[in-house]
Amino acid sequence: VILLDGLRGDYLPAYGYTRKTTPFLDSLSGTGELMKVEHAFSTSTTTLVGVAGLFDSKDWEHFSFAGLNLMKYIRRKGFSTYAFLTGYHRNWYGLSSIYKNDCDYFYESTEDPAVQNFDDLKTLKEFQRASLKKNAFVYIHLLSTHIIGEKNPAFRKFMPDKMGFNTDKRTALINNYDNGIFQSDFVIRGIFEKLKKDGLLERSTVYILADHGELFGEDGRWSHSGSIQQNILQIPMLIYDKDTSFYRNRESATLMDVAPSIADRLGYTIPGCWQGRSLHQPAQNFSLYVNSGMSCEFPQGMLYRKDSLYELNIMDENKKIKRTLTLSNGSKDWKNISSN
């Protein structure tokens, strides 16, 4: 599982973005080796709650750090477990508590909390040096697409990427963001090359996804976190797997569906405590509770899939609906149908 922190789906060419930010991923898509889920959603606007939904296959109301998460489950099945993380997750709202205790190999790019390192190229080098066992589960958390992620000068393709007298905020931020995506694509290429070199790629399944999106002035907001917002919830979900026939549902999924899909793909029973569904099953209607995990104006919401329509109810702290939006299957634009 490769997680690109803060990556919006609609900023990838695979989802219709016009800039060529992902040449390697596009090459995999062109050969049919990389599948995409058309509409994929996070459980949150923040990293902690999104990653919790990914590993625990639960919404924030039902999540527990002591629960049966994906890392713990797959380790019990005899797999060696690895985590390669950019940043210092042990000091990031307790994020590493979700997976650290069940990791046979745990790496963070920052060793000293007083000296932060947000360089994905460093994490890539560590991954390339590692000796992976044949039955392995690997989680890689990258920050190139996050505002704090270090951008190597070699990947500053879209300019200007800094605000100045002649550059407005939105232009600079989007250019910087796209450069981060371009760099992430290089890192992912390096991950695939390592798997191929070690003779593991042919029998690997790789998920490429995000924990939440990013805002560039939509609804007057920037960055992420804070109140529930539709563009932050929409994420990419790309899957590399030689057995493409397994994935009957490529229309709609949430982060909670990843763990059940991996267990099912390996032929194991999906734990009854997980809320998500395997992508081996055809697309189904669902309801997803989303939560920002923080105190804000609109901290929660309900996302529904109803046949060919998606509906998002954004709610205040008392669960009173303040705004309702809809998205038709095949469309990219949400429609605001009511506001209170």
Side-chain angles (χ1 to χ4, degrees), residues 1-3 7-17 25 28-29 32-44 50 53-60 62 70 205-213 228 230-291 301-314 324-335 337:
V1 175
I2 303 172
L3 187 144
L7 179 60
R8 258 172 75 161
D10 59 351
Y11 274 71
L12 291 182
Y15 288 88
Y17 195 50
L25 291 179
L28 292 180
S29 296
E33 296 176 287
L34 192 67
M35 298 164 279
K36 72 172 179 180
V37 176
E38 193 67 38
H39 298 289
F41 302 95
S42 176
T43 55
S44 182
L54 166 66
F55 274 91
D56 222 42
S57 189
K58 291 187 179 74
D59 61 40
W60 190 237
H62 296 90
L70 175 59
T205 296
V206 184
Y207 281 78
I208 301 167
L209 38 75
D211 49 352
H212 55 72
I228 298 298
Q230 62 277 13
N231 294 298
I232 312 180
L233 294 178
Q234 283 193 276
I235 58 170
M237 188 177 291
L238 304 173
I239 307 167
Y240 174 90
D241 194 326
K242 290 296 184 180
D243 183 7
T244 59
S245 65
F246 175 84
Y247 302 90
R248 299 175 185 171
N249 175 15
R250 301 187 200 177
E251 186 224 301
S252 60
T254 77
L255 282 179
M256 297 194 306
D257 298 328
V258 175
S261 299
I262 291 174
D264 194 15
R265 177 70 178 87
L266 292 169
Y268 299 134
T269 300
I270 299 172
C273 59
W274 290 355
Q275 294 177 324
R277 297 186 178 96
S278 170
L279 294 178
H280 184 56
Q281 302 300 319
Q284 302 177 46
N285 291 341
F286 64 77
S287 60
L288 172 68
Y289 173 66
V290 292
N291 193 303
M302 288 297 301
L303 175 67
Y304 301 94
R305 177 189 183 269
K306 302 175 181 178
D307 299 324
S308 61
L309 190 71
Y310 299 87
E311 181 178 301
L312 174 63
N313 294 324
I314 298 174
T324 299
L325 303 102
T326 60
L327 177 72
S328 299
N329 185 33
S331 175
K332 297 179 181 179
D333 299 318
W334 291 83
K335 293 182 179 180
I337 62 173

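Taking the side chain as every heavy atom from C-beta outward, Ile262 and Val1 approach each other to under 4.5 Å. Glu251 has its side chain within reach of Arg305: a pair of non-hydrogen atoms, C-beta onward, lies under 4.5 Å apart. Contact check for Tyr247 versus Val37: no side-chain heavy atoms found under the 4.5 Å cut-off. Proximity of Glu33 to Tyr240: side-chain heavy atoms (C-beta onward) are separated by under 4.5 Å at one or more points. Between Leu288 and Leu233 there is no side-chain heavy-atom pair separated by less than 4.5 Å.
Look at Lys332 and Asp10 and you find no salt bridge, because none of the NZ, NE, NH1 or NH2 atoms lies under 4.0 Å from a carboxylate O.
When all heavy atoms of Ser44 and Gly50 are compared, the closest pair comes out as CB-N, 3.7 Å. Nearest heavy atom pair, residue Ala263 against residue Ile270, reads CB-CG1, 4.5 Å.
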**Check against side chain to side chain contact (heavy atoms under 4.5 Å, CB included), Lys306 and Thr326** = CA-CA 10 Å; Lys306 302 175 181 178; Thr326 60; over 6 Å; no
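Counted by atom type alone, Asn313 and Thr324 present one or more donor-acceptor pairs between their side chains at under 3.5 Å. Side-chain N/O atoms of Asp333 and Ser331 include no donor and acceptor closer than 3.5 Å.
Asn285 contributes a side-chain N or O that, together with a main-chain N or O of Asp307, makes up a donor-acceptor pair within less than 3.5 Å. The backbone N or O of Asp59 lies less than 3.5 Å from no partner atom in the side chain of Thr43, so there is not a single donor-acceptor pair.
Using a 30° and 60° split on the angle between ring planes, Phe41 and Tyr310 fall in the tilted class, from 30° to 60°.
Atom CZ of Arg265 sits about 10.5 Å away from atom OG of Ser278, to the nearest 0.5 Å. Here Gln230 contributes atom CD and Leu303 contributes atom CG; the two are 11.0 Å apart, rounded to the nearest 0.5 Å. We find the CZ-OH distance between Arg8 and Tyr15 to be 13.5 Å, quoted to the nearest 0.5 Å. The line from NE2 of His39 to CG of Asn329 is 4.0 Å long, rounded to the nearest 0.5 Å. If you take CG on Asp211 and CD1 on Ile232, they are separated by 11.0 Å, rounding to the nearest 0.5 Å.
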